[in-house]
Amino acid sequence: MNKISGSVCKYVLIGFLLFSPTAIYANFDFNVNCLKAYQSIFELKLNTARQLIAAEKKIHPDNGIVPLLENYVDYFYLLTTESKSEFDRLKENKSKRLDQIADGDESSPYYLYAQAEINLQWALIRGRYGEYFTAAREIKKANSLLQDNNKKFSGFALNAKGLGLINAFLGNLPDGILKSTLSTFGIKGNLQAGIAMLDKLSEGLPKSKFEPFYEEVVFYYVFVLNDIAHSPSAYSKTMKYTARISDSSLLKTYLQALVCSRNGHNDEAIRILNDKPTGAEYQSFPYLEFLQGSAKLNKLDYSSVQNFNRFLQLNKGVNYIKDANLRLGWIALLKGDTGAYTAAMNKVKSTGYTYQEKDKQALNEAGESTPNKDLLKARLLFDGGYYNNALEELKDGKGEGFASARDKTEYYYRLGRINDELGKDDTALVNYQNAITTGKTLRYYFAANSALQIGRIYERKGNLPKAKAFFNIAIQMKNHDYESSIETQAKAGIKRIDKNAD
């Protein structure tokens, strides 16, 4: 059988197993054409998907799967472009699509599911631009629709995708408008329950009739493990579950590279990005240039300047502009060009936006005095997982040798983090404690994060009273960088301890 006819047979077979004969519903026909569009979306071939969806609209104008697929396209278009103006333009499509679906067949499991998906996708995008109240209402609506659908169609496995994501998201939500609004709605989550639902779904889906939806489930599961739970198993589980996804998927490249770069597998991240699929059929994704530049800089490869400049040239969005200019400034500083460093810091202050935490942090750092080069190198090497190299950068230093309290605190903090990763708990604890003592009244995150890491070490050792005490110390420190993130992780630590105590 040739490759083309084999592919067609695959789609026909999947369509038969998934939707025939009992699973085809009036107005909700997830047919072969729709399935091809759906799979193109998850390879980030968005123009191909648009063409397939347009063809489906002509043949079956009342197919309720079409507005759902159109919403997927908008969702991934906005994720890859990071464009606030496009977000403002496209969000008007939501109500029109929900109206189309509402006219569909209520006896289909896709009737409530599609409405929930559209609400959830817009909620996730809105959160990136501070529209928290509307996002909270959409999460509440999505949760209610999925709960109802689960009661009506308990065998419809895809319900667990949205419910798992909502549980995980709400179970580890930082304090703020979104959390307080959801609390007034009576919506709560459970991080571990959400992770368990997504893990079970990722494990079981390939052996079920819902196998075509595997990539979407893995996409959300990786997001939960990496961005919400900050799970130590984020790398291993991401690489396990993405392994069966085709290498022609640019989304696979993004997921693997992001998780590798954040979990000390820097060389692997660079290799994955070097081997990414290319071609006119793929959606433009400038963030991958930023990601590659960051990974190269983490091994002190200054050719990363080309990646950051390409990102700034290609990017039409609002995020990571300040962060990219900060990193260009670091490269200039490490190469000894103080004039270019100063110019880059001025760009950090004058260009870009502060929707993302990284951009807020970049703006803060641009307002500080010039960083110590040895500490900066140690920081970058640590972020890349090059722990022995990072330690080498600090070997000749001593805390008391730094003039500023900031540098002294950072020195102890960096030593703590490096030794922690090298498994030298006692040395890490001493340095973390020094960072707390030196920096507890400063607005930098070093002291608070040191308390969080001490809590984690004692939790690993089974000394739960001490672990809880240091998690509380991390929470009690206020008005510092990354306060929300550190506090959320510390509260999650206390939840784990209290659960084990019950």
Side-chain angles (χ1 to χ4, degrees), residues 67-68 70-99 101-102 112-149 159 161-191 193-195 197-198 216 219-224 226-230 317-320 353-360 483-485 487-488 491-492:
L68 174 61
E70 288 176 328
N71 212 74
Y72 274 112
V73 171
D74 282 358
Y75 177 68
F76 280 101
Y77 174 69
L78 291 173
L79 283 182
T80 52
T81 61
E82 303 272 1
S83 172
K84 177 69 163 58
S85 60
E86 286 294 273
F87 162 72
D88 289 333
R89 179 178 70 86
L90 292 172
K91 67 183 177 182
E92 302 304 319
N93 290 330
K94 179 199 161 190
S95 58
K96 178 179 66 178
R97 288 171 185 157
L98 288 175
D99 287 345
I101 291 167
L112 297 178
Y113 172 79
Q115 294 176 63
E117 280 293 300
I118 288 174
N119 274 288
L120 188 53
Q121 287 170 14
W122 282 109
L124 291 171
I125 293 288
R126 283 184 211 279
R128 300 167 78 89
Y129 298 111
E131 293 190 5
Y132 297 122
F133 184 75
T134 306
R137 287 192 304 173
E138 288 168 336
I139 291 169
K140 178 181 183 291
K141 183 67 174 175
N143 187 60
S144 176
L145 289 164
L146 289 169
Q147 295 283 5
D148 289 347
N149 209 42
N159 292 325
K161 172 176 61 67
L163 290 171
L165 176 61
I166 290 169
N167 258 289
F169 183 68
L170 301 188
N172 206 34
L173 201 59
D175 291 338
I177 299 169
L178 186 55
K179 186 173 184 177
S180 60
T181 305
L182 286 163
S183 295
T184 64
F185 291 155
I187 306 288
K188 290 183 180 178
N190 183 310
L191 176 60
I195 287 174
M197 290 170 80
L198 290 167
E216 182 179 0
F219 169 72
Y220 284 120
Y221 190 26
V222 170
F223 166 66
V224 166
N226 202 54
D227 291 280
I228 295 176
H230 305 284
V318 294
N319 295 322
Y320 307 108
Y353 304 82
T354 53
Y355 292 111
Q356 293 285 332
E357 193 69 36
K358 285 282 189 182
D359 287 319
K360 291 176 188 174
E483 181 180 336
S484 178
S485 175
E487 186 172 314
T488 300
K491 285 180 176 177

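Bear in mind that the values here come from a model prediction, so they are computed numbers and not experimental data. The basis for the numbers below is simple: all heavy atoms, side chains too, and nothing from hydrogens, waters or symmetry mates.
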Handout entry: CG on Asn143 to CG on Leu170, rounded to 0.5 Å
Key = 7.0 Å
Handout entry: Minimum side-chain heavy-atom gap Tyr129-Asp88 below 4.5 Å
Key = no
Exercise for the section: Report the C-alpha separation of Lys360 and Tyr355 in whole Å, then their side-chain angles, then the decisive distance to 0.1 Å, and conclude whether the side chain to side chain contact (heavy atoms under 4.5 Å, CB included) test is met. Expected result: CA-CA 7 Å; Lys360 291 176 188 174; Tyr355 292 111; over 6 Å; no
Exercise for the section: Examine Phe219 together with Phe76 and report whether their ring centres are nearer than 6.0 Å. Expected result: yes
Exercise for the section: Assess the side chains of Tyr113 and Lys161: does a donor N or O sit below 3.5 Å from an acceptor N or O? Expected result: yes
Fill in the blank from the handout: For Ala135 and Gly127 the tightest heavy-atom approach is CB-N, 4.5 Å
Handout entry: Whether Asn167 side chain and Asn190 backbone form a donor-acceptor pair below 3.5 Å
Key = yes
Exercise for the section: Verify side chain to side chain contact (heavy atoms under 4.5 Å, CB included) between Glu138 and Lys94, making sure each step is shown before the conclusion. Expected result: CA-CA 11 Å; Glu138 288 168 336; Lys94 179 199 161 190; 2.9 Å; yes
Handout entry: Side-chain heavy atoms of Ile228 within contact of Ile195, under 4.5 Å
Key = no
Exercise for the section: Could you check if a side-chain atom of Arg97 sits within less than 4.5 angstrom of a side-chain atom of Asp74, using non-hydrogen atoms only? Expected result: yes
Problem - Note, Lys84 side chain near Tyr353 side chain (heavy atom, < 4.5 Å) - result: no
Fill in the blank from the handout: Heavy-atom closest pair (Ile118 atom, Pro67 atom, distance to 0.1 Å) is CD1-O, 4.2 Å
Practice task
Look at Arg89 together with Glu86 and state whether they make a salt bridge at an N to O cut-off of under 4.0 Å.
Solution key: yes
Exercise for the section: Return yes if some donor-acceptor pair links the side-chain N/O of Glu131 with the main-chain N/O of Arg126 below 3.5 Å, else return no. Expected result: no
Problem - Donor-acceptor contact below 3.5 Å, side chain Asn119 vs main chain Gln115 - result: yes
Problem - Closest contact, heavy atoms only, Leu78 versus Phe87 - result: CD2-N, 3.4 Å
Handout entry: Leu145 CG to Glu117 CD distance, which is reported to the nearest 0.5 Å
Key = 10.5 Å
Practice task
Quick one: pull up CG in Leu124 and CD1 in Ile139 and give me the separation to the nearest 0.5 Å.
Solution key: 6.5 Å
Practice task
May I have the step-by-step check of side chain to side chain contact (heavy atoms under 4.5 Å, CB included) for Leu191 and Phe169, ending in yes or no?
Solution key: CA-CA 7 Å; Leu191 176 60; Phe169 183 68; over 6 Å; no
Problem - Considering all heavy atoms, the nearest Ala142-Ala116 contact - result: CB-O, 3.5 Å
Practice task
For residues Trp122 and Asn71, determine if any side-chain heavy atom of one lies less than 4.5 Å from a side-chain heavy atom of the other.
Solution key: yes
Practice task
Please confirm whether the backbone N or O of Lys140 pairs with a side-chain atom of Ser144, one donor and one acceptor, at under 3.5 Å?
Solution key: no
Problem - Ile187 CD1 to Arg137 CZ distance, which is reported to the nearest 0.5 Å - result: 13.5 Å
Exercise for the section: List the steps and the verdict of side chain to side chain contact (heavy atoms under 4.5 Å, CB included) for Met197 and Leu165. Expected result: CA-CA 9 Å; Met197 290 170 80; Leu165 176 61; over 6 Å; no
Exercise for the section: Nearest 0.5 Å please: distance from the NE2 atom of His230 over to the OG atom of Ser485. Expected result: 4.5 Å
Handout entry: Test item: Tyr77 and Leu90 side chains (from C-beta on) under 4.5 Å apart, heavy atoms
Key = yes
Fill in the blank from the handout: Nearest heavy-atom contact between Asp359 and Tyr320 is OD2-N, 2.7 Å
